[in-house]
Amino acid sequence: MIPELGQYALILTACLAVLLGTVPMVGATVGNALWCSYARPLAIAMFGFVLFSFLCLSWSFLQSDFSVVYVASNSNTALPWYYRLSAVWGGHEGSLLLWLLILTGWTVAVALKSGNLPEDIQARVLSVMGLITIGFTLFILLTSSPFERYLPRIPEQGADLNPLLQDIGLIMHPPMLYMGYVGFSVAFAFAIAALLSGRLDAAWARWSRPWTIIAWAFLTLGIALGSWWAYYELGWGGWWFWDPVENASLMPWLIGTALVHSLAVTEKRGVFKSWTVLLAIFAFSLSLLGTFLVRSGVLTSVHAFASDPDRGFFILALLAIAIGGSLLLYAIKASHVKSESSFALLSRESFMLINNVLLTVFCATVLLGTLYPLLVDALNLGKISVGPPYFNALFVPLGALLVLTLGIGVLLRWKQTSLQLLIKQLWLPGVLALLAGGVSLFLLPQWPGFWTSLGLVLAWWVVFTGARDLLNRMRNRSAGLAAIFAQSRAYYGMMLAHGGIAVLMVGIALVSTFSEHSDLRMEPGDRKQFNDYEFVFDGIRKVDGPNFHSDTGVIRVLYKGETYTEMYPEKRLYTARGNVMTEAAIDPGLFRDLYVALGESLGGDAWAVRVQYKPFVRWLWLGGLMMTVGGLLAATDPRYRKQARRDLAGA
Amino acid sequence: MNPKRKQRLLIVLFIVIGVGVAVGLTLFALNQNINLFYSPTQIAAGEAPEGTRIRAGGMVVDGSVQRSTESLAVSFDITDYEKTVRVEYTGILPDLFREGQGIVAQGELDSRGVLQAVEVLAKHDENYMPPEVADALEKAGKMPKPAGQEFNK
């Protein structure tokens, strides 16, 4: 009964979404205030029904109701309750329901938080969200309902959740990632509403800015979590594989980053308006494309579920409608948009433009590398894959250029900056960055090569140009040192996020250069030396878990000859599906990780063992975390609320 | 030309050159890093180049896996049920590597026609088959029937 109620709630959601997608939209067009006012209650009701439906599915999981196909395929009575709950989004159908829940959640957040928007804008934004909801609700109802039943032959036991997904990383990674993906739908809805109403102005940028930044922050966190999860769970010790699905999440992130910056320019200076709208459309379209790539099974990837082509076609159609429709609207409306001011070549605006161009170019190359194999396959020219060296070859120089311009951009003024002033500002941070970079290089065990050295110098460059900017602000005020605490929250957010970039760069540069890695055949007593650490294999123990049997390796680690710690990498056999899983043992540290994973048994007492030494790997996720917190700080700046009130008073 | 136009022209030029360089670099990098996929039948027919990085995929032949007792070297056959190709690899195989499982190996063919793999991929869902392998099997007319829902037996 419960699953049927969930299904019924979804059908009602679809009906409400149709109402939300049409009535307020028409109301805003013909100027009927009553119809516009339907938007908020409809949005709230829609969220209520999706939440109810989601709870129904969760209930079925908690009760282990194996008459539901989706539950039977992804759960098991031996599974602890928290994994049973996270299994709700462990497969295709449920993760789409989560997607829908978050989409309607964003809609309701906009409805509740946008009380100070003009009525017609609010109605249009919510209406566009309603249109997107129609698409996804129909997708779930028509191709992938999680509530389908096995009748009359109900299985006695479920097939278990994929063991890779029985993990804290999976509990958090998809919801965060989806918050980001779907969050861009708000930026998209604002852009479409602005195009429809012809109100592309600073006020529009100010409304959509906090939403966009929050979505961007969540996407950053989601990607960082995914990378962290892949690192400790897949047993390879890699943190980024240029896997098509990783690319699918990276592309909206790149465009989203460009969008965040371009929105700032639009708000402050009233330029780049149509470009900003275009970015908002692309950010959301790339989120949809990401969904298509993951869900359609067209790509070979760790994330690909065994799936049926109907779903792919459905998303492709959705994608075509969303992109085609919005670009058509853009083509008709955007030509009327006029810039409100001009700027010189040497100004913050131009450097923001360079930032945008670099990010967009990088996104385009990633897109090319990801879709090229599909294209070649579709043309029957053979089956190919594009290797990580391609992406690295582009990512490294583009990233370096981006960070170089970042440092200059922060110190430039809006509209115009004289060259002398710029040089006066920049020479000291430049020299300091070179010096500090030189010292850092000196501390490293050996010369790491050009690009890594450049990466370190550039990380310091971000730090020192930021410090210079803060210093300028202190001098401009009589308060002096107190000025450090007197800046706006958005400013601290920006500094923190840029600092996150520096930390991330250090992480990438050092972990890619100084990681040591060795696959060994080890028998009890065998040793392996890495730097100051020595690993001694002491054999295997048998351990039983709630739903698995494990061979646990015992590895003693010596640091400079002294006993340092013991590590217990595992090889687990999950009994329900007969899956074998590697659980790596990690000794984490701020400056280095020790990473040990068991391979397979080689007969007798011998085992394949993978031993790794990973310097500065934590800095990758620390950088991501700093960007996330920076984004959230910036988005919650009280300025947005105050200014919105002023806009309303002025209107 | 007035200064404003000149400035715009400079910006446009900058963008065009930037995009041009980027496109050039991209295409160069793409060309260097494309790995073509070959099925065992194609490799047996001599279609695959020697000494170039390629991908090959098929089902691991039952009983063909041989391990060295000294190191991590391992060798096995992959097949599309028409022809088989020998693969040699040194390192740790993925968890889902099993006899009878579809895999994709990346590496170079040596003069004996053996694939010297540097990477072996098996996917994380046992019902899932790499699309290339599925396609190769279908072409050879040897696509196995879906395993069905095991838990429902």
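Below, chains carry the letters A, B, ... as their sequence lines are ordered, and counting in each starts from 1.
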**Study point:** B:F14 versus chain A, the contacting section by heavy-atom distance below 4.5 Å
**Key:**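 Contact with chain A involves the side chain of B:F14 alone.
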Check your understanding: By a 4.5 Å heavy-atom criterion (distance strictly below it), what part of B:L30 contacts chain A: side chain, backbone, both, or neither?
Key ->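 For B:L30, backbone and side chain are both near chain A.
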Contacting moiety of [X], where chain B heavy atoms sit under 4.5 Å:
X: A:V609; result: backbone
X: A:F66; result: neither
X: A:A344; result: both
X: A:A393; result: side chain
X: A:S342; result: side chain

Exercise for review: Using a strict cut-off of less than 4.0 Å between a Lys/Arg side-chain nitrogen and an Asp/Glu carboxylate oxygen, indicate whether B:E119 and B:R55 qualify as a salt bridge.
Suggested key: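 B:R55 and B:E119: not salt-bridged.
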Contact leader toward chain B among [options], where contacts are heavy-atom pairs under 4.5 Å:
options: A:N392, A:L401, A:V386; result: A:V386
options: A:L353, A:I354, A:L398; result: A:I354
options: A:V376, A:T582, A:T365; result: A:T582

Practice item. Kindly indicate whether the side chain of A:Q157, heavy atoms from C-beta on, has any atom under 4.5 Å from the side chain of A:T77. Key: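 The answer is yes, as the side chains (C-beta and beyond) meet within the 4.5 Å cut-off.
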**Study point:** Any side-chain donor near an acceptor of the partner, A:N247 and A:W242, under 3.5 Å
**Key:**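 Side-chain D/A pair, A:N247 to A:W242: absent.
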Review point. So, B:F76 versus B:F97, ring centres under 6.0 angstrom or not?
Key: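 Aromatic pair counts; centres sit under 6.0 Å.
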Practice item. Report the residues that fulfil salt bridge (charged side-chain N to carboxylate O under 4.0 Å, His left out) with B:E47, sequence neighbours left out, ordered by chain and then residue number. Key: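 For B:E47, no residue satisfies salt bridge (charged side-chain N to carboxylate O under 4.0 Å, His left out) once neighbours in sequence are set aside.
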Review point. Who among B:L72, B:T90, B:V74 has the most heavy-atom pairs with chain A under 4.5 Å?
Key: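 Option with the top pair count is B:L72.
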Point to revise | Within residues 13-38 of chain B or reaching into it, pairs that qualify as salt bridge (Lys or Arg N to Asp or Glu O under 4.0 Å) - sequence neighbours excluded | key: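 Every pair satisfying salt bridge (Lys or Arg N to Asp or Glu O under 4.0 Å) with a residue in residues 13-38 of chain B: there are none.
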Point to revise | Evaluation steps, side-chain hydrogen bond (donor to acceptor under 3.5 Å, both in side chains), between A:R572 and A:S550 | key: CA-CA 4 Å; A:R572 289 182 182 172; A:S550 145; 5.1 Å; no
Exercise for review: Determine, step by step, whether B:Q116 and B:E108 satisfy the side-chain hydrogen bond (donor to acceptor under 3.5 Å, both in side chains) criterion, reporting the C-alpha distance in whole Å, the side-chain angles of both residues, the deciding distance to 0.1 Å, and the verdict.
Suggested key: CA-CA 5 Å; B:Q116 297 294 338; B:E108 295 177 6; over 6 Å; no
